[in-house]
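Presented below is the structure to which this report refers.
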Amino acid sequence: MQVGRSLEAEFAPELFRIFFPLFQSGVGVEVELGCSIQELLTEQFGIAADYVSGRITTIFLNSKAVDKVGTAIIRDHDVLALSGAMPGLVGATMRSGGYYAAMRGAMTYSDDRVIPVGQRGVITIKLFNLLLPELGPRLLRRGCLLRADRWREFLAQQPEQLRTRGYRIDGRPVPVDRFRCAEDFPDDGEVLRLKVHFGDESL
């Protein structure tokens, strides 16, 4: 995947919710391949191990439920969906390593392919429910990949009065009132690298 321009913006902390729809539909993330989901979350994303075991209760890899995060291996173009606890029998059935996991059958992840460790690639990350506010800002600070057409669609959904505290394109300061200028990204196929801060760091 060829990554084009990089965008970096700063928002007030309470505005992180505007990015929820992007994570629900999935954003690209550059990662080191060949590691387990556990290693991805703790070592590459810097998430505490007790958070992974206690808060991320439902994990899907390529639409298959994962019970063993220590053995499910990340490969290029994988789609990883993370969720907190879901209600009812469906939630109990999909919970990683849960009592009802055996009811899933063919919906449970299994893969014995081997790939070299250390290669770089891109996967898609999806977040749901309580993980959106808890992990979304962390991933935005780290950097996400988004096609220009999705970025323009996102901008079109934002209110006219939305303003950033700071905005850069390829490291160069840009007037904050240009943040919503979708015309700056006319090529649908361009992949943008997006970093967003929420008052935690100044641009």
Side-chain angles (χ1 to χ4, degrees), residues 1-32 40-42 44-48 51-52 55-56 58 60 77-86 120-203:
M1 175 185 294
Q2 284 293 109
V3 179
R5 286 170 288 179
S6 62
L7 314 181
E8 194 166 5
E10 181 185 357
F11 288 90
E14 62 270 17
L15 293 178
F16 68 86
R17 294 180 180 275
I18 68 175
F19 293 93
F20 285 5
L22 292 180
F23 283 106
Q24 289 170 323
S25 57
V27 298
V29 179
E30 293 175 298
V31 300
E32 185 173 299
L40 173 74
L41 297 177
T42 58
Q44 296 193 47
F45 293 170
I47 301 171
Y51 181 97
V52 173
R55 297 288 277 178
I56 306 177
T58 303
F60 282 82
H77 308 303
D78 276 352
V79 179
L80 180 63
L82 308 175
S83 174
M86 297 186 295
R120 301 285 296 179
V122 176
I123 66 172
T124 297
I125 293 282
K126 297 182 179 184
L127 300 177
F128 299 97
N129 58 45
L130 60 86
L131 301 188
L132 284 163
E134 294 180 2
L135 296 184
R138 175 190 294 269
L139 292 176
L140 285 168
R141 286 194 300 270
R142 183 181 187 272
C144 300
L145 303 180
L146 205 65
R147 283 172 53 103
D149 53 349
R150 286 191 63 202
W151 181 241
R152 293 199 310 270
E153 180 183 354
F154 168 80
L155 293 177
Q157 295 169 349
Q158 306 312 314
E160 289 286 344
Q161 63 270 27
L162 179 69
R163 290 292 183 272
T164 69
R165 292 177 171 178
Y167 184 39
R168 293 177 183 268
I169 298 179
D170 286 339
R172 298 189 301 272
V174 177
V176 293
D177 59 359
R178 289 197 61 83
F179 175 73
R180 297 187 72 258
C181 291
E183 297 80 8
D184 289 343
F185 310 100
D187 182 0
D188 287 353
E190 181 180 12
V191 178
L192 306 172
R193 178 180 283 107
L194 173 67
K195 289 188 177 183
V196 181
H197 308 276
F198 297 97
D200 42 12
E201 300 174 27
S202 297
L203 294 185

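Residue indices begin at 1 and follow the sequence shown.
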**OP:** State, to 0.1 Å, how close L130 and P133 come at their nearest heavy-atom pair, and which atoms those are.
**Re:** O-CD, 3.2 Å

**OP:** Mind running side-chain contact (heavy atoms from CB on, under 4.5 Å) on L80 and F60 for me, showing each step along the way?
**Re:** CA-CA 6 Å; L80 180 63; F60 282 82; over 6 Å; no

Original post:
What closest approach, in Å, do L15 and F198 show between heavy atoms, and which atom pair accounts for it?
Top reply: C-CE2, 4.2 Å

Original post:
CD/E153 to CG/L22 distance, rounded to the nearest 0.5 angstrom?
Top reply: 9.0 Å

Original post:
Can you find a pair of side-chain heavy atoms, one from L139 and one from L127, that are under 4.5 Å apart?
Top reply: yes

Original post:
Would F19 and W151 count as a close aromatic pair, with their ring centres under 6.0 Å?
Top reply: no

**OP:** Using a 4.5 Å cut-off on heavy atoms from C-beta on, say whether the side chain of V196 contacts that of E10.
**Re:** no

**OP:** List the steps, then state whether side-chain contact (heavy atoms from CB on, under 4.5 Å) holds for V52 with T42.
**Re:** CA-CA 8 Å; V52 173; T42 58; 4.0 Å; yes

**OP:** Check whether any side-chain heavy atom of V79 lies under 4.5 Å from a side-chain heavy atom of K126, and answer yes or no.
**Re:** yes

Subject >> Salt-bridge criterion met for E30 and R193 (N-O under 4.0 Å) >> reply: yes

Subject >> Residues that Q157 engages under side chain to side chain donor-acceptor pair (under 3.5 Å), provided they are two or more places apart >> reply: none

Original post:
Considering only heavy atoms from C-beta outward, does the side chain of L135 approach that of F23 to under 4.5 Å?
Top reply: no

Original post:
Can you name the residues that form a side chain to side chain contact (heavy atoms under 4.5 Å, CB included) with V174, not counting sequence neighbours?
Top reply: Y167, I169, R178

Original post:
Looking at CG of L41 and CD1 of I125, how far apart are the two atoms once the value is rounded to the nearest 0.5 Å?
Top reply: 7.0 Å

**OP:** Of all the heavy-atom pairs spanning S6 and G171, show the shortest one and how long it is.
**Re:** OG-N, 4.4 Å

Subject >> Test side-chain contact (heavy atoms from CB on, under 4.5 Å) applied to R168 and L7, step by step >> reply: CA-CA 6 Å; R168 293 177 183 268; L7 314 181; over 6 Å; no

Original post:
Are R152 and E183 close enough, and set up right, to give a salt bridge (charged side-chain N to carboxylate O under 4.0 Å, His left out), and what steps lead you there?
Top reply: CA-CA 8 Å; R152 293 199 310 270; E183 297 80 8; over 6 Å; no

**OP:** Apply side-chain contact (heavy atoms from CB on, under 4.5 Å) to H77 and I123, showing your working.
**Re:** CA-CA 5 Å; H77 308 303; I123 66 172; over 6 Å; no

Subject >> Check: N129 side chain, S83 main-chain N or O, donor-acceptor pair, under 3.5 Å >> reply: no

Subject >> Residue pair E160 / R180, side-chain heavy-atom distance below 4.5 Å >> reply: yes

Original post:
Do you know which of T58, L132, L131 makes side-chain contact (heavy atoms from CB on, under 4.5 Å) with L82?
Top reply: L131

Original post:
Got R142 and V29 here, is their nearest side-chain heavy-atom distance under 4.5 Å?
Top reply: yes

**OP:** Tell me, please, which residues at least two apart from P159 pass side chain to side chain contact (heavy atoms under 4.5 Å, CB included).
**Re:** Q161, L162

**OP:** Grab the two heavy atoms, one from R5 and one from F185, that are nearest each other, plus how far apart they are.
**Re:** NH2-CD2, 3.4 Å

Original post:
Can a donor-acceptor pair be found between the side chains of S25 and R150 at a distance below 3.5 Å?
Top reply: yes

**OP:** Give a yes or no on whether the backbone of E32 and the side-chain of Q44 come within a donor-acceptor separation of less than 3.5 Å.
**Re:** yes

**OP:** For residues R138 and G46, report the shortest heavy-atom separation together with the two atoms involved.
**Re:** NH1-O, 3.0 Å

Subject >> Student check: side-chain heavy atoms of T124 and V27 closer than 4.5 Å >> reply: no

**OP:** Give, for atom CG of L140 and atom CG of L194, the distance between the pair rounded to the nearest 0.5 Å.
**Re:** 6.0 Å

Subject >> Centroid separation F179 to F11 less than 6.0 Å >> reply: yes

**OP:** Could you tell me whether E134 and R55 have a side-chain N and a carboxylate O separated by less than 4.0 Å?
**Re:** yes

